[in-house]
*Asks:* 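What follows is a structure written as structure tokens; I'll ask about it next.
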Amino acid sequence: MTEQPVRTRYAPSPTGDPHVGNIRTALFAWALARRTGGQFLLRIEDTDRTRYVPSSLEAIYESLRWLGLDWDEGPIVGGPYAPYIQSERLPYYHEVANRLLAEGKAYRCFCTVERLDALRAEQQRRKQPPGYDGLCRSIPPAEAEARAGEPHVIRFKMPREGQTVLRDAIRGEVVFENALQDDFVLLKSDGYPTYHLAAIADDIAMRITHVIRGEEWLSSAPKHIRLYEALGAPEPVWAHLPVILGTDRKKLSKRSGDTSVLEYREKGYLPEAMVNFLALLGWSLDDKTTIVDRETFVRNFSLERVGANPAVFDIERLDYLNGYYIRAMSPDRWAATVVEWCEAHLPSSVPRPLDRSVLEAAAPLLQERVTRLADIDDLVLFLFTERAPEYEPELLVERLAGDRDFALRVVDAALLALDALPPQEWTRERVEGAVRSLESALGTKLRKFVAVLYVAVMGRPQGIPLFDSMALLGRERTLLRLREARAKLERMHG
RNA sequence: GGCGCGUUCGUCUAGAGGCCUAGGACGCCGCCCUUUCAAGGCGGAGAUCGCGGGUUCGAAUCCCGCACGCGCUACCA
């Protein structure tokens, strides 16, 4: 509905790698900005020096880049409201706090941490709503100014009566009793602002029109609404996104599964799959659509179609989408993806650079059986080793009801038929012909005995098609592996 | 404890009073295809719409209560 260009922002705090729930918020904020032809900003909220993790800055940029969420203003790219890192904007927050102080909308509080702790403990013991009791609110301004050199914080004067109404784009009206709110801290004693001050002061300064954030902020919305009012700024459109839960229905965290966005990249998930997955976690296009590419998402996104109920992060849906996008790739792009992935992920014992022609030939075979890029590893490793990857002899007869003698006959027959193929005739077609000839030689259907050959060649009973595998492997390595399999079978009996 | 949000197949969801004997997708089961594994095709099971009251000719859809889940309750974000 919103056709006016909108300004949204993603404002993470650098306390670690961005989590999927967090990045979903970024995705929605980004989509709304793009959809309306507005701007999407990135702002770093590093006002808690004790939780600061330097490496997370790069992780934030990398996560956004990976998913294609480009920011119009923010770190690196700059913008008219720079700087976009809060620790570089301290003077501005002091200015805002002082203005509130001067207008009597805030006050200095000299209460010690000890008193606050004791107060909270007492309130809990008496089962009273916790919160600052407003002791320092009554200190005469003149006295407070005289004591300005002492350690203190600056608190906001919340109204003590009446209600504050939040009009949320996703949840409708939410009413809060002012009597239940307390005078929250604006400026900490270390001179840094709290989230409340910094976020709102910046949202105002940066002309943010739509504040899209997680549900965990819903409870503090009245504080923010009152701050907007005190600063004489028009309220933005608020939208509190539901939380994302783990399979255990608890808020997604390290305990209930992987949460770091970058970890999904390392496991071989495609950004387009992740975007599609995240887009449908809380938002829907209609009653049928489940494949939503980035463009479709942007073109159709609206806050009106975002649900208010928490969603479970179901990895199986992500897997499905990832497989879908892998199969949807053009053969060329897929081949390039395979080469790049293998160069970076095959064991270091495999010499580089890898043989591109082998990987390019295997690519189409991989495309229809890979869910995550990491699945490629086990599927192609056998092509880059002299012998078959290590395997137990029992594996050779596993699908033959343990019939060792039969397995031996299969291998012998295969050896005979394949050895008869001269090197220049070692093609997929001829290999297939040779192997299929075993049907009559052994008097059994191919499917009844191929498993032995799969294991002999690739060390596992399943993988990419056998004839292609043998063709790619070449005559010598194939025969070598069959002979080794034979030796294993002979030794087995015991 | 208080305040707030939420509650449709196992999961993501469609549904904004009659189109719902509740639709789609993932997953699951079966069949087909097939050199393994997949992929693909076809079909199936699966939600008395958290529970209880209302309002209405009629409620998944509106109202109230309850239950449960989650969030917040810091000089953290």
Side-chain angles (χ1 to χ4, degrees), chain A residues 11-15 45-48 50-51 109 111-113 116-117 120 123-124 126-132 151-155 166 168 170-171 174-177 180-182 184-190 192-196 198-199 213-222 240 242-243 245 247 249-251 277 280-291 307-321 323 327 365-371 375 379 399 432 435-436 439 445-451 453-455 458 460-469:
Chain A
S13 58
T15 54
E45 310 222 325
D46 58 343
T47 55
D48 184 353
T50 63
R51 298 204 307 157
C109 170
C111 291
T112 62
V113 176
L116 262 20
D117 286 346
R120 192 161 30 244
Q123 285 165 333
Q124 271 168 14
R126 296 168 62 178
K127 300 201 185 304
Q128 290 180 335
Y132 182 60
H152 67 280
V153 301
I154 293 178
R155 288 183 184 272
L166 163 70
D168 189 273
I170 295 171
R171 292 152 209 278
V174 183
V175 180
F176 297 89
E177 290 296 331
L180 266 17
Q181 302 291 325
D182 71 343
F184 60 95
V185 173
L186 292 168
L187 209 58
K188 299 183 255 185
S189 56
D190 65 359
Y192 276 69
T194 58
Y195 168 87
H196 305 302
R213 53 174 14 177
E215 183 179 355
E216 65 269 24
W217 295 110
L218 196 59
S219 298
S220 42
H240 290 90
V243 294
L245 308 174
T247 319
R249 291 223 140 255
K250 293 273 165 49
K251 187 179 179 183
F277 177 71
L280 259 23
L281 226 46
W283 174 86
S284 62
L285 176 58
D286 54 34
D287 60 337
K288 297 270 196 297
T289 314
T290 53
I291 298 298
N309 46 321
V312 172
F313 188 97
D314 180 13
I315 194 79
E316 291 186 325
R317 289 177 61 74
L318 212 208
D319 282 342
Y320 163 76
L321 288 169
R327 270 164 252 122
L365 308 173
L366 295 168
Q367 193 162 18
E368 55 192 35
R369 64 201 85 218
V370 163
T371 297
D375 296 340
L379 252 17
R399 299 192 183 188
E432 173 165 5
V435 175
R436 281 195 188 282
E439 287 196 318
K445 287 290 185 191
L446 183 59
R447 49 180 302 113
K448 296 291 185 187
F449 62 82
V450 271
L453 303 178
Y454 271 92
V455 175
M458 52 187 84
R460 328 181 334 145
Q462 78 280 112
I464 58 175
L466 183 69
F467 313 136
D468 299 273
S469 299

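Naming convention: chains lettered A, B, ... in sequence-line order (proteins, then strands); numbering from 1 in each chain.
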*Asks:* When the C1' atoms of B:rU36 and B:rC29 are considered, how many whole Å apart are they?
*Replies:* 22 Å

*Asks:* Considering only the P atoms, how many Å lie between B:rA38 and B:rG50, rounded to the nearest integer?
*Replies:* 37 Å

*Asks:* Using 30° and 60° as the class boundaries, would you call the ring planes of A:His196 and A:Phe184 parallel, tilted or perpendicular?
*Replies:* perpendicular

*Asks:* Hey, does A:Tyr320 reach any base, or is it just sugar-phosphate, or nothing, if we go heavy atoms under 4.0 Å?
*Replies:* sugar-phosphate

*Asks:* Please enumerate all residues that pass ring pair (Phe, Tyr, Trp, His ring centres under 6.0 Å) together with A:Phe176, with sequence neighbours excluded.
*Replies:* none

*Asks:* Between B:rC33 and B:rC26, how many Å separate the two P atoms, rounded to a whole number?
*Replies:* 23 Å

*Asks:* Can you tell me, in whole Å, how much space there is between the P of B:rA45 and that of B:rA25?
*Replies:* 14 Å

*Asks:* Which part of the nucleic acid, if any, lies within contact of A:Val185, taking any heavy atom under 4.0 Å across all strands shown: a base, the sugar-phosphate backbone alone, or nothing?
*Replies:* sugar-phosphate

*Asks:* Can you tell me how far P in B:rC64 sits from the matching atom in B:rG4, rounded to whole Å?
*Replies:* 13 Å

*Asks:* Rounding to an integer number of angstrom, what distance separates B:rC31 and B:rG69 when you compare their C1' atoms?
*Replies:* 40 Å

*Asks:* Quick check against the 3.5 Å criterion: does A:Tyr192 have a side-chain atom that pairs as donor or acceptor with the backbone of A:Asp48?
*Replies:* no

*Asks:* With C1' as the reference atom in both, quote the distance from B:rU55 to B:rC19 in angstrom, rounded to an integer.
*Replies:* 23 Å

*Asks:* Expressed in whole Å, how much space separates the C1' atoms belonging to B:rG15 and B:rC68?
*Replies:* 24 Å

*Asks:* Who are the side-chain contact (heavy atoms from CB on, under 4.5 Å) partners of A:Asp117, not counting sequence neighbours?
*Replies:* A:Val113, A:Arg120

*Asks:* For A:Lys448, does the NZ atom sit with more than 12 other heavy atoms under 6.0 Å from it, leaving out its own atoms?
*Replies:* no

*Asks:* What range of RNA chain B does chain A touch, first nucleotide to last, counting atoms under 4.0 Å from its heavy atoms?
*Replies:* B:rG1 to B:rA77

